Every structure is written in structure tokens, then in C-alpha cells.
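Have a look at the structure below, then the notes.
Just so you know, these numbers come straight off a predicted model, no measurement behind them.
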Amino acid sequence: MAHSSPVLDLSTVLLVGTDDWLTRFAAALEARTGATVQTVGSKVEALEIVRERTTDCLISEYALDGATGLELLREIRTETTVLPVLLCTADGSETIASEAIEAGVTDYIALTNPAEQMIDQLTERVEQAIRTAQRSNTQRERARQFDAIFNDSRTATWVLATDGSLERVNETAREMVDADIETIVGEPFWTLPWWTDPDTTNTDVQQIVEKALGGRFSNVVVTQPSHIAEPRVIDLSVRPVENDRGDIVSIIVEGVDITERVTLERDLRQSEELHRVTLNNMTDTVLITNEDGEYIYVCPNVHFIFGYTADEIHERETIDDLLGADLFDRDELTAEGVLKNIETTATDKAGREHTLLVNVREVSIQDGTLLFSCRDITKRKQREEALTTLQETARDFLYAETHQEIAQHVVDDTPGVLDLEASAVYLFDGDSNDLRPVARSATMRELNGPLPTVHADGEQLLSYSFVEDEALFFDDIHEADRLENRATDLRSAAYIPLGNHGVFIAGSNQVGVFDGVTRELADLLAATAEAALDRVTRESRLREQDRTLQAQNERLTALNRINETIREIDQALVQAETSEEIDYTVCELLTADDRFRFAWIGAVDMTTNAVEPRAWAGSERGYLDSQVFAIDTSGVEPAGQTAATGDVTMVMNVAAGLREDPWRKEALARDYLSVLSIPLVYNDLVYGVLTVYAPAQDAFDDMTKAVLGELGETIASALSAIERKNALLTTSMTRVEFAIDDSAFVLTRLAKDAGCTLSYQGGVQQSTEGSYVFVTVDDGAVTEVADAASQLVGVDEVQQISAGSEGGVLRLRLTQPYLAMELADHGAVFRKATADPTSTTLVIDIPDSIDVRTITQLVRETFATAELRSKQTLDQSIEHDLYSKFLKKLTERQLEVIQTAYYSGFFESPRESTGEDVAETLGISPPAFYKHARIVQRKLFETLFEENNFSIPGSGEVQ
């Protein structure tokens, strides 16, 4: 096998030895290369040639006449170290190899098979040795040229000291910066203005200098900082300079301005990327022929259209065989120079027919004169035909008014768009969560049989496509895991979701019919159908929204009128002075301006079991004079039902039960077609019933019911406030005493559990944490009662205020509302409670302005058993006035402090608790306690002596 190498062709090779293989190798080397080969047999002859002539490589046997190749190597190395020497032997050993390497042999070759096949290996190793020697010579030559490089005008050069500081620079480097070089000599190289802004460091430059100081060559590409007018990109190379002992004595830094190269490389990369992307994505095929139609050039992507490789196209006779004869008129081409968009058909390697657009132009490229550019428009033609059908389908959709019509259009037009006969459309039924078949082709029925309703659970193919909103295409549906009907004759199939409306199915009994164009058209048909379904849904919703908005506007108009009435009523309630004024004002405002036909407020009288009218307004007295409003849950007037149930009663159509309820006849005679009755309840106390009548059916919707229901609570609250106000102004009151038996009452339960007598003398304080109550313990150990109280769910905290041998005082924090607070909301005062293991009595003061029956009802509703024991009338004008004035002056904290001090025995003589003890109980400092106590005492004496003008008897002298 011939071997030629530029290195060997220009080289002189000296062979030393007498063995036959050396002779054969010399002949082969001369025959295969242009090398000059000379052969000698002894060491002496070899040394003479090496000394007198230029020799590029020496190859020696180990055994020579009177010497060895190893001895020859040693003598050569005394004179030159650059000549490559190869030592070859068939009788070598590891010792010889080791000695040869130590002597500086270039290559040691063990001739294990000194036959013809070794010649190629020897030739390659000779070439490699020569190349290596030449490379070493070049490096030495470059080293000798280093001084010349320093002054190279194209390369900036810096010389650094061993600590990395600048020693000198060449002129090229000086011109790169506008700085006084003398002022920066001695500064660290990585902080100099070539690389950094003032007072900063370029870490990349610092790292390569440090590598050079470590004895390594390094380089980095650096972009100059912004303070330089025209920043450049510099390729820095840093290398150490060593002395004869191998010590680093300086650092040489070379910088080449590669700004233009970087820019060009960037532009080239962008151009290459553009070219690569263009080639990878180009599907047009380019062919060049001569005048006889013979191929001169075939584009590598020819297989995209024709399925043939470029070589296979070359094997075809002429281009007429590929594109057809008489494709164009040669005279016309000569006249025009180029003919564009010639439409023709061609058959590919697989036998498929393609529609092509061909451009033909005259060229002069090598031997080619005609250039053909072919573009495959087969899919475009198919798409155009399908789109024409799809446009007709879209027009049909415009006139469809139901989802069913659209589904049938999709099925009818599938053959024209997709060239598939089997199709169906399922629509989603949100009420049952099912997909139901609403349209199917006859072919679908033949291939698949009846189409079942499919539950939208994502289990079957159809359901999965809908739930996951994923189009599924199968070349063979029988390979699908979720296929339900394994007996189907469908093979290719597509399931395409129609948004939230359903799924479109198309298929064939052939395998693999869904190519890219068919899939695209199927998606387009489904998207068009989905848009039509959206339109029908949207229009249906708009019509429904119009109806809803109209109804809402009507309701809002009515509600606005009601809200206006409510605002007027709220303002009137604030200004009302009496309960009668509240009642009549509410009725008058509800019926003003024809808002309602009639309104009245009645009191619930449990003694007569009827609702007694106490205020009304509207058309005369309605039927108040002709009806008894019995309290019952059914069959009675709505006011009686509300009084019985405590809930709002709404009658939307009075005429509906005309034969069953007698009151309806009276109502209809007065055009009362709707009725709403509302309980007036505040803090579980009933203040009456408000009933409103309207002259139209369904006049009260849920919103109106809720608004008027809140009005009922507002009215009751206002009535309660009037009662509390009257109670504050009333000095005459009724004191009632109840005996109760209910373990839910905290004092009753605690007295039974602790086996003692407990009493409450007033003094409830309400805070964000709960209600605080002071309880006196008689004939029992306070600690035992405290332990028992801590076990009760209704008690959050227990504090021992004072303790004696037979009792003491506890302060309890209750989790539930205390009866005293509920009574206070209704103007009554919980004066006293006493509980022992067998009985509990309550004492309550009720102002004359409050109906005793109201408070009695509250007590009986609160406890399981409540018996009224006594009732007496009291006049506490002075006491009440003083007490009220005094309490108004105290803050809640001051009241808490003085109550705790009182029940702790602080005011006893001798004191049972010190101020420090009380302060600790309250969690405050002693000075804070004494301050509060003094303030309360001052306010008490101020109320007694100053505001009531109590005189202090004088005396003749001070004792």
C-alpha cells in the first residue's frame, strides 16, 4: 500500500545496521515516500554522516559491527539532543529498553515480527519522530525570537516582577490607555487601568498571573473597562520566565487585540446558525442538469419529496423521468431567463403522487445549465380542498341554533373535510356527568355498532380525552389500553375534545390514515365546531342572563325601595322617645308611597294565646277588626304562625289556599296577595310581630325576606333600648323572687358539688375574656369550693379573694353569658342569688316601665324549673339616683379594683387582706392599687357630699 507524507518526502533518513529487514525497510521507504534514505553498517560511518550532513532521523539496529546501537545513541547525544534516534531490535529486553530511554532514545521498537506488516508501523513511527523533532526545533526558534516579539507593534507586552507588579511595557500596550505609565509601574498588574476601573481588581487577570507565578502558562480573554473610550477585547497570554536553575525570574504577559475577530466570530456563528437552521428546515429540492437533462447536482434533501437518496436520483437517466417530459418550453425559458410556479405531478419511491410547484432558470454552474427548484404542495392542495368544505361547514354553523344541529353538521361534513366516512359527536350532560352520543354516521354504526352513553370518569378513551382535554390519534385503536369495545371494526381513530361541550370521533377501518394534514384538518374541524358550540352556548346564556338581569333589576328596584324605607325607619328609631312612637312610625313608613298595602305590629299575649294589634297603617284597619290572630303553627293568619314559631312567615300567593284558610278570603277582598310576618326579637325576648301585606304575588323574595328580617331585629333592639332608658329613669320598681332548680346554673351546680351555701350580691364585670362574678362562700372551706369550681366547664378561672374559718369570697370568670348581663339588656337588675345543696333563689328588681311578665318569661326560658315566690313594690329614688351617678363616674378597671378590695376584706378592721395582697390578685403593682382605691373613694365621697349637698355638722372645736 503506497504511503505518502509531506514530512517524509522532504526528510533524510539514515539506517544503521546489516540485517535483511533493514534493507527491505530502506527499499520500501524509498518506494513509498520521497524520503532520502541512506544505509551504513557501523557506528563510525553513522557518526561521520551525522556530523557532516543534515540528517532528519536515524534508525539503528541494536547489534552493529564492533558496537551496539545503544553506544551509538550515547555518542550522538553528546553532540546533539535534537536528532530523533529510533532503536530497533528483535532480541531486546526490558533492560535494553530502560537503558535506551535513559540515554535519550526517541523511540524504542521491539521487532516481534520483522515482516512486511511491520513496514507500515515503522514508517508511521519514523514520521512521528521527525514531526516531534521539527516541533521542538520550532519551539526553540520561537524562544530565540522572544525579544523581537516584545517590540511587535501588533502585540501588547508587559513584563511583571515575581510579585505580579508591573516592571515595563511595550509601546503597543502604552497606546491602549491614556495613563502615565511611570506612575503605575510597581503596581499589581490586575489593578491597572488596562483591566479595571479605579480602585477595583480584575480577578480573572489576577488568577492567570498567579498561575504563571506557579509555573503554569495561562490565558484569558478580557474586555476592557468602560472608562476607556473605545474598549477592546484583549486575548491575554501569561507565561513564566525561568533562569538556568528553573527559578521564575519574571512574568511575560502578551495581549492581542481580538476585538475584530470576536465580532467576526460572533457574526460568523450567527450566520452559520442561520445557514444551519435554513438547511435543516428547507424542504424544497434543488436539481441542476445539463441541456440533455442529465444530473449535475442533486440537493441532499431530495428524499423529503421523492423518497430517493441523491445517489439513487443520479442513477436515473434524466430529469424527464422524475418530473415528466415537456415540463417547460425551452425557447420561453431562453427569452425569460426563469419560469416560475409550474405545477406538475410526480410519483415518489413509495408510489405516492405529489403535486409540485417547479421553478426553472438558466444557470452556468460547472457543466450544468438548468436549475430546477421543486416545492411539494400536495398537502397544501389537500388542505385547500378541505378548507373549502370547512368554510361551507362554518357557514352552516352560523345558522345552527342548537348543539344538536351543530353536532349533525360535523358528522355530515366529515367525509368532505377529512375523507373519512366514520364519525360521531358526543355532548356532555353536566347534570348526570355523562357523555351522550347525539350524532353519528351510518358508517360509524356499521363499524362500531350502537354508541353507548359514557360516564365522564376518565376511564375509557372517549371519557379520558374529554376529562384530560387531550386529542388522541391512533394508527390502530386496537393497540390502545383504554379501548372498551374490542369488537369494533374501527382501526384508525381520533378522539378530539370539543372544549367543555363534548368529543368528536372520526375513524376508518384502515390502519394509519391520520397523517399530518389529516390531523391538522381534524383539529381544525373540531375547533370550528367548538367555536360554534361556544356561540350557541353564549347566546343561550346571554338570553338567560337578559331574563335574569331583568328579574334582578325588578328585584333591585324593589329592594332599593325597601332599603330606602329601612333607612327612614332607622333614622326614626334613633329619634323615637317611646315604644308607641316606634310602633306607629314603622307602620307608617312601610306603607308610605304605596310601598306596601298594609302593615301592623301586634303584641304576643300568652294569656289569651293571641296576637293583639297595637299599631297599624295602610288601607284603613285591614281586617284587624274581623280576625282573631290565634297563636298556632298552621292554618292561622301569618302573624299567629310567626308568634308560634318565632320564625319569619312568608306567603307568596294568598289565593293558593283559599279553601283551606278563612283568613285568605279577607286578605283577597283587600288585594293582599302576598304576606310577610316578622318576629320582633332581641336577646331572645319577643317584643311583638310585624306583618306586611303587598298587592302582588311573589312580592317578597329571599333578599327582601332577609332585609325585613333584620329590620325586625332592629325594631326589637330599639324597643329594648326604650325599656332600658325608661328603667334608668324609673325609681319605682318591683322586686321578684324566684326559686329555681337547674344544674346548668353555675351557682346551683357549684353549691351541690361543694356542699355549701353560696351567695351572689351583685358585681358582674364584663370583659373581652368573659364575665367576672364575686361569690361569697358560707359554711364551707373556700379552697374546696375553689377546687370544685375549677372542675366546671362553665368556669374558666377561679381566684380566692378572701378566706376565713367558715367561708370567704371567690372571683369566678365564666365562659357563658351570666344571667345578670341578659337581665341588664332588658333593663332589669339581678340583685341577689343564694344557692345551697338543695335550693337556689334569685332576686331581681324590675322597673315599673318594664312588663314583669317579660322578665318572668326570660327567667322561665333560661332555667328548666323556675317558680315565682314573691313580688313586692319598692321606691328607691334616692338610692337609685346616687348609685347610678356613682357608677357612671367609674371606669371598668376602677370598679374591678374596688370590688376585689371589698370582697378581699381590705376595708374590714382589722384588714383581712393587705393592699399588696389585693394588688397581687389583680396582677398590678401595690402603688397602682392604692391609686385606684383613692380615686374610687374620692368619687364616692364627691357623689355623697358635693353633688347631693349633704351638710356636715359643725362643732365648736377640733378634737
Side-chain angles (χ1 to χ4, degrees), residues 393 397 400-414 417-418 420-514 518-541 544-545:
T393 302
F397 285 162
E401 296 183 356
T402 66
H403 293 79
Q404 174 72 44
E405 289 183 59
I406 293 171
Q408 192 60 52
H409 279 307
V410 171
V411 170
D412 292 342
D413 293 342
T414 296
V417 177
L418 304 181
L420 298 174
E421 298 296 330
S423 62
V425 172
Y426 276 75
L427 293 181
F428 178 61
D429 184 346
D431 294 332
S432 61
N433 198 35
D434 289 329
L435 289 159
R436 302 183 185 279
V438 297
R440 66 191 63 78
S441 66
T443 304
M444 176 63 77
R445 186 187 299 273
E446 293 171 3
L447 295 178
N448 192 78
L451 297 179
T453 297
V454 177
H455 193 57
D457 54 8
E459 294 298 324
Q460 301 180 23
L461 288 174
L462 176 77
S463 177
Y464 179 85
S465 175
F466 177 74
V467 171
E468 299 297 330
D469 192 25
E470 179 180 346
L472 305 175
F473 290 90
F474 299 96
D475 289 334
D476 189 348
I477 197 173
H478 286 268
E479 297 177 358
D481 295 335
R482 300 175 186 269
L483 180 62
E484 181 70 14
N485 181 14
R486 291 289 171 182
T488 183
D489 289 331
L490 281 175
R491 302 305 296 269
S492 297
Y495 295 81
I496 306 176
L498 303 174
N500 297 324
H501 305 289
V503 178
F504 166 52
I505 306 174
S508 169
N509 58 357
Q510 303 296 320
V511 174
V513 301
F514 287 100
T518 308
R519 290 190 180 202
E520 180 182 351
L521 292 172
D523 286 333
L524 189 55
L525 176 59
T528 306
E530 181 183 346
L533 292 168
D534 286 341
R535 177 188 60 78
V536 171
T537 299
R538 186 166 55 253
E539 291 177 354
S540 176
R541 287 176 179 172
E544 181 63 28
Q545 286 176 358

Using a 6.0 Å cut-off, check whether atom [atom1] of [X] has over 12 heavy atoms from anything other than its own residue.
X: E544; atom1: CD; value: yes
X: R535; atom1: CZ; value: yes
X: N500; atom1: CG; value: no

Non-hydrogen atoms of [X] and [Y] that approach each other most closely:
X: L420; Y: V513; answer: CD2-CG2, 4.0 Å
X: L498; Y: A529; answer: CD2-CB, 4.3 Å
X: L435; Y: S463; answer: CD1-CA, 4.0 Å
X: G458; Y: R482; answer: O-NH1, 3.1 Å
X: E470; Y: S465; answer: O-OG, 2.7 Å
X: F474; Y: F514; answer: O-CD1, 4.2 Å

Output the distance between atom [atom1] ([X]) and atom [atom2] ([Y]), rounded to the nearest 0.5 Å.
X: Q408; Y: R440; atom1: CD; atom2: CZ; value: 9.0 Å
X: L483; Y: I477; atom1: CG; atom2: CD1; value: 5.0 Å
X: L525; Y: F504; atom1: CG; atom2: CZ; value: 4.5 Å
X: R538; Y: L533; atom1: CZ; atom2: CG; value: 11.0 Å
X: D489; Y: T443; atom1: CG; atom2: OG1; value: 12.0 Å
X: H409; Y: T528; atom1: NE2; atom2: OG1; value: 13.5 Å

Go through F428 and N433 one step at a time and tell me if the side-chain contact (heavy atoms from CB on, under 4.5 Å) criterion holds.
CA-CA 7 Å; F428 178 61; N433 198 35; 3.4 Å; yes
Stepwise side-chain contact (heavy atoms from CB on, under 4.5 Å) check, Q404 with L427
CA-CA 9 Å; Q404 174 72 44; L427 293 181; 5.6 Å; no
Going by distance alone, is a donor N or O of one side chain under 3.5 Å from an acceptor N or O of the other, for H478 and T488?
no
Any side-chain to backbone donor/acceptor pair from [X] onto [Y]? Under 3.5 Å, distance only.
X: S423; Y: T414; answer: no
X: D434; Y: R436; answer: no
X: N485; Y: N448; answer: yes
X: S492; Y: D475; answer: yes
X: S441; Y: V411; answer: no

Given the rule in the side-chain contact (heavy atoms from CB on, under 4.5 Å) test, do M444 and L490 qualify, once you have shown the distances and angles that lead to the verdict?
CA-CA 8 Å; M444 176 63 77; L490 281 175; 3.9 Å; yes
Using the side-chain contact (heavy atoms from CB on, under 4.5 Å) criterion, which residues pair with A471? Sequence neighbours excluded.
F473, I496, P497, D523
Decide side-chain contact (heavy atoms from CB on, under 4.5 Å) for F466 and V454; before the verdict, give the C-alpha distance in whole Å, the side-chain angles of both, and the deciding distance to 0.1 Å.
CA-CA 11 Å; F466 177 74; V454 177; over 6 Å; no
